[in-house]
Amino acid sequence: MVKVAVLGASGGIGQPLSLLLKLSPYVSKLSLYDVRDPSGTSVDLSHINTIAECQSFDKDQLVQALGGARVVVIPAGVPRKPGMTRDDLFKVNASIMRGLCEQIVQVCPLATVLIISNPVNSLVPVAIETFKKHGINDASRIMGITTLDLVRAETFLGDYMNNSRVTTVGSNQFDKRRMHKVVSVIGGHSGHTIIPVMLLKPMVYMMKPGQYDSFIHRVQFGGDEVVKAKQGQGSATYSMAYAGYRFVEYVLKSIQHESLEGLGYIPAYVYLPGLRNGSQAQAKLGSKELEYFSVPIQLVNGRIDAVDTTILDKLSEQEKLMVEKAVPELIANAKKGQRFIHNAAKL
Ligand code: ADP
C-alpha cells in the first residue's frame, strides 16, 4: 500500500484534497504537513471509516512527514497579498518549493512529486533544477498538475454541447463525465498557455457561432470566474482539489498496476528533454528551446514511461496558432524557474 504526503495540507486546496485522498482505496497512509499545524484536519479526517491512516506534522516535522512517502503532492504556497507583485509571489513560492524539494531529495528521493502550487509553469522547473543540483536527474517523477484545465474543458464543453446546434434531448445529452474522449488540454497552466484541443474535431462545427471562442476563453481564464465569485476571499480550491485528486488517483492506479485504459492519457506539465518521446514532442512543437509542456503521459508504476505525442499530429489551424502564441511565454516561464535556482547557486 502507499503513503501519500500532502505538503500544504492546511490550505484552501490542501484540506479538501486531503479529504478526497482519505476516501481513496489506494492510500494506506495520509501524511498531512503544513507550517500551520494541520492536526485539526488530521483528527477530523481520522474519524472517517476508510482505509487511510491520517497523521499530521507541524512545521518542524517535514522529515517525519516525508518518511516512506511514495507520492508527495504539493499545494503549499502563499496567496498574493496586497502590494505584492506576481514576481514577489513567484519568489516566495519558488523558495518554498526549493525548500520542500531539498528535503524530498534527502528523505524520499524515489517518491513521485506532483506540483499544484502556482505558478506551475515556473515552479516545476524549480523542482527539477533543485533535484538536479542534488544529483537526481529524473524527469519521470516530477510533474505539474494541469488537470484543472482539463476538468474545466470537460465541464464547459459538456455545457456548450448540451446547448448546441444538435438536438440533445433525453439520452442524447452529453455526459460531462465522458468528455475526456472529446477534449484534452495541452501547453501550460496559465492564461494563453492553456490550449484546449478537440479530440473530435467535428464538435467545433456543432457549436453555435461564437461558442467555440468563448469555450476557449473560459478554459483559459476560468480561474478568474472563481476569484470574482469568491469576492476576494480566495481562488479555486474545491475544483482544484478534485482535479488534483483525479490526477493523484491516476498515478496511484499505475502504482497498483491497474489498467489506465478508459481514463485516456491525462496530460501533465513535464520536462520534455528528460523523457522518452520528449524530443519528438519538441520537434512537433517546433522549438528545441521549449523544454516544459503539458502533454498526455503514459505512466508505469507511478512514473512517466513516455509522453504521448500523437495529440500534436492532429492539431487544427486554430490550435496550432494557440501553440505558437504559447511557446515564447512557456519558454520565458521555465527560464525564470531555472534562473531562480542557478542564480542562487552562484551567490
Ligand atoms: P490555496 O488556496 O492555494 O490552497 P492557501 O494559502 O489557502 O492557498 O494554502 C496554502 C497552504 O500552504 C497554507 O496552509 C500555508 O500555510 C501552506 N504553506 C506555506 N508555506 C509552506 C511551507 N513551506 N511548507 C508547507 N506548507 C506551507
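Counting convention: from 1, in listed order, for ligands and their atoms alike. The analysis underlying the following values was restricted to heavy atoms, covering all of them including side chains, and did not include hydrogens, waters or symmetry mates.
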NZ/NE/NH1/NH2 to OD/OE distance under 4.0 Å, K132 and E129: yes
Does the distance from a Lys or Arg side-chain N to an Asp or Glu carboxylate O, for K91 and D87, drop under 4.0 Å? yes
Can you give the donor-acceptor pairs under 3.5 Å from side chains of residues 1-18 to other protein atoms, not counting sequence neighbours?
from, atom 1, to, atom 2, distance (Å)
K3, NZ, A65, O, 3.3
K3, NZ, G67, O, 2.7
S10, OG, R36, O, 2.6
Q15, NE2, S10, O, 2.8
S18, OG, G14, O, 2.6

Taking the side chain as every heavy atom from C-beta outward, state whether V185 and S294 have any atom pair closer than 4.5 Å. no
Whether the side chain of Y269 engages the backbone of M143 through a donor-acceptor N/O pair (distance < 3.5 Å, no angle test) should be reported. no
Any protein N/O atoms within less than 3.5 Å of an N/O atom in ligand 1? List the atom names and distances, or say none.
from, atom 1, to, atom 2, distance (Å)
ligand 1, 4 (O), G12, N, 3.2
ligand 1, 4 (O), I13, N, 2.9
ligand 1, 7 (O), G12, N, 2.8
ligand 1, 12 (O), G77, N, 3.2
ligand 1, 12 (O), G77, O, 3.4
ligand 1, 14 (O), G11, N, 3.2
ligand 1, 14 (O), D34, OD1, 3.4
ligand 1, 14 (O), D34, OD2, 2.8
ligand 1, 14 (O), R36, NE, 3.4
ligand 1, 14 (O), R36, NH2, 2.9
ligand 1, 16 (O), D34, OD1, 2.6
ligand 1, 16 (O), R36, NE, 3.4

Around atom NZ of K314, are there more than 12 heavy atoms of other residues, nucleotides or ligands at under 6.0 Å? no
